[in-house]
There are 2 protein chains.
Amino acid sequence: MEDKNRYRRMLKKENLRNTSHRQSILEALEASEEPVSAETLYLTLREKGISISISTVYRALDVLVEKDIVAKTDFTDNNKSLFEIKREEHRHHLVCVKCRKIIPVKECPFYEYAGELEERFGFSITGHKLEMYGYCQKCGGSPGKTGD
Amino acid sequence: MEDKNRYRRMLKKENLRNTSHRQSILEALEASEEPVSAETLYLTLREKGISISISTVYRALDVLVEKDIVAKTDFTDNNKSLFEIKREEHRHHLVCVKCRKIIPVKECPFYEYAGELEERFGFSITGHKLEMYGYCQKCGGSPGKTGD
DNA sequence: CTCCTTAATGCGACTGATTCGCATTTGCAT
DNA sequence: ATGCAAATGCGAATCAGTCGCATTAAGGAG
C-alpha cells in the first residue's frame, strides 16, 4: 500500500508519530468525497473493526489540521465540525440546504480577485473558503425554507 | 429614532412582537461592522445597562435568522457561531488568522461563476459564503502558523 | 385606559460536541 | 532489546446552545 508510505512521510515531516490510528484516519478521509464529522469518522472506523476512541479521533484531527494536512470546513453539519483531507487542488462546495448533500467543486476562479483585495486592504491572503448553498437536482423542485 | 420604526416594521411584517430586547439586539447588530457571537452580543447589551438573559439572545437570534433578518455566518470563532444583520448588499470577509480581525468586503465577483456551476450540476444556488484568510496589515509581517 | 390572550422572557436544568487529566500503551531513536 | 516521550483510552469536565416552566409584557379588543 503506497498510501501508507505517503502518510508515513507526511507525518514524519511534521514530527508526528506514524500510528496506526492516524493511518486509518487519513485513509478514511482520503476515501471520503465529502467532509465528515469527527463522529462519522469514528463510526466509520469502528465499522471497519478498528478499535479507537472518540477522543483520539478529535486529537488526531486537531493535530492534522494544525499541520495543514487536514482542513476543518467552515460550514458545520448540525453544529458538528466537518473535516476533509487537503488534496492537491483545494475544493469548494455546493451544499444542498434541503437534503444536506455536499458536492465538491474543483474549479476556483479567485486568484485574480484575491490579488486585487490584497492590494486594496494591505491584507496577505493565504487561503479562502467558498461554499455555495441552494437546492440540488433532486430537491430543486421545491425550494421551501429549510435553514441556510 | 427612525431605526426603531424600521425595526418595528420589519418585526411586524414577520409577525414578531416589537420587544425592547429585539430592538436592542437589532441596534447592536447594525452598529457592529463585524459578525458577533451570541455571547459578545449579550455582553455588549449588558454593558449598555440592558438587562437581558443569554437565552433570550439566542432565541432572538434564532428567530431573526429564520425570518432572514439576520445571517448566521458559516465560519465560527472558537466554535462560537457568529451573527450579522443582513444589509443591502451581502458581504464577504477577510479574516486575519493571527489577530482575528475581520474586514468586510462588499464586492462579489461570483454571479458568473455561480451560473456556470448551476448548469453543470443541475444545482440551484440561492446563496454563498466566501471567506478569505490571511494576515492583516498589522500582522502581515510574520506569517507564523496560527490556525487556518 | 383596562383587560385578555399569548408571545416573549428569565432562570436553571439539560444536552451534545469537544476537551482534558491521568494512567497506560506504543512508536521509534539508540 | 531499552527507555522515554508521544499517543491513546477512559471517564470527567467544559462550554455553546437548547428547553421546560413559571412569570412578564406586547398589543389588539372593547
Rounded distance (Å) that lies between atom [atom2] of [N] and atom [atom1] of [X]:
X	N	atom1	atom2	value
B:K67	C:dA7	NZ	C1'	13 Å
A:L41	C:dT18	CG	P	12 Å
A:F83	C:dA17	CZ	P	13 Å
A:Y42	C:dA17	OH	P	13 Å
B:Q23	C:dA8	CD	P	14 Å
B:E66	C:dA7	CD	P	14 Å
A:R22	C:dT25	CZ	P	19 Å

For this session: Given side-chain contact (heavy atoms from CB on, under 4.5 Å), test B:Q23 with B:D3 step by step and report yes or no.
Result: CA-CA 9 Å; B:Q23 287 275 345; B:D3 270 348; over 6 Å; no

For this session: Map B:V63 and B:N79 onto DNA chain C by nearest heavy atom, then report which one ends up closer to the 5' terminus.
Result: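 Closer to the 5' end of DNA chain C: B:V63.
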
Exercise. Given A:I69, which of A:R22, A:E14, A:K13 fulfils the side chain to side chain contact (heavy atoms under 4.5 Å, CB included) condition?
Worked result: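 It is A:E14; the other options fail the test.
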
Exercise. In residues 44-59 of chain A, which ones come under 4.0 Å of DNA chain C, going by heavy atoms?
Worked result: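 A:S55, A:Y58, A:R59, in order of number.
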
Exercise. Which part of the nucleic acid, if any, lies within contact of A:S20, taking any heavy atom under 4.0 Å across all strands shown: a base, the sugar-phosphate backbone alone, or nothing?
Worked result: nothing

Can you name the nearest heavy-atom pair linking [X] to [Y], along with the distance?
X	Y	value
A:V70	A:K86	C-CG, 4.1 Å
A:C96	A:C136	SG-N, 3.4 Å
A:L45	A:A28	CD2-CB, 4.1 Å
B:L26	B:Y7	O-OH, 3.6 Å
B:I125	A:L94	CD1-CD2, 3.8 Å
A:P35	A:E84	CG-OE1, 3.9 Å

Problem set entry | Contacts of A:S20 that satisfy side-chain contact (heavy atoms from CB on, under 4.5 Å) - sequence neighbours left out |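 Expected list: none.
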
For this session: List for me each residue that meets side-chain contact (heavy atoms from CB on, under 4.5 Å) alongside B:D62, sequence neighbours excluded, and say none if there are none.
Result: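 If we apply the side-chain contact (heavy atoms from CB on, under 4.5 Å) test to B:D62, skipping adjacent residues, there are no hits.
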
Exercise. Would you say A:K48 has more than 12 foreign heavy atoms packed within less than 6.0 Å of its NZ?
Worked result: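 For A:K48, atom NZ is crowded (more than 12 foreign heavy atoms under 6.0 Å).
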
Tabulate atom names and distances for all N/O pairs under 3.5 angstrom spanning the protein and nucleotides 28-30 of chain C.
| unit_1 | atom_1 | unit_2 | atom_2 | d |
| --- | --- | --- | --- | --- |
| C:dC28 | OP1 | A:N18 | N | 2.7 |
| C:dA29 | OP1 | A:K12 | NZ | 3.4 |

Problem set entry | Test: A:E30 and A:R6 ion pair at under 4.0 Å |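 Judged by the 4.0 Å cut-off on N to carboxylate O distance, A:E30 and A:R6 do form a salt bridge.
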
Exercise. Quick one: bend of the helix from C:dC1-D:dG30 to C:dT30-D:dA1 from 5 pairs per end, to 10°?
Worked result: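 Between the first-five-pair axis and the last-five-pair axis there is 40°.
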
Exercise. Counting only side-chain N and O atoms of B:H21, is one of them less than 4.0 Å from OP1 or OP2 of C:dA8?
Worked result: no

For this session: Go through DNA chain D in 5' to 3' direction and return only the first and the last nucleotide with some atom under 4.0 Å of chain A's heavy atoms.
Result: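 Nucleotide range in contact with chain A: D:dA5 to D:dG11.
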
Exercise. Between A:H92 and A:H128, does the ring centroid distance fall short of 6.0 Å?
Worked result: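 Yes, the ring centres sit under 6.0 Å apart.
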
For this session: Kindly indicate, with the supporting measurements, whether the criterion side-chain contact (heavy atoms from CB on, under 4.5 Å) is fulfilled by A:K72 and A:L82.
Result: CA-CA 6 Å; A:K72 187 171 182 174; A:L82 299 178; over 6 Å; no

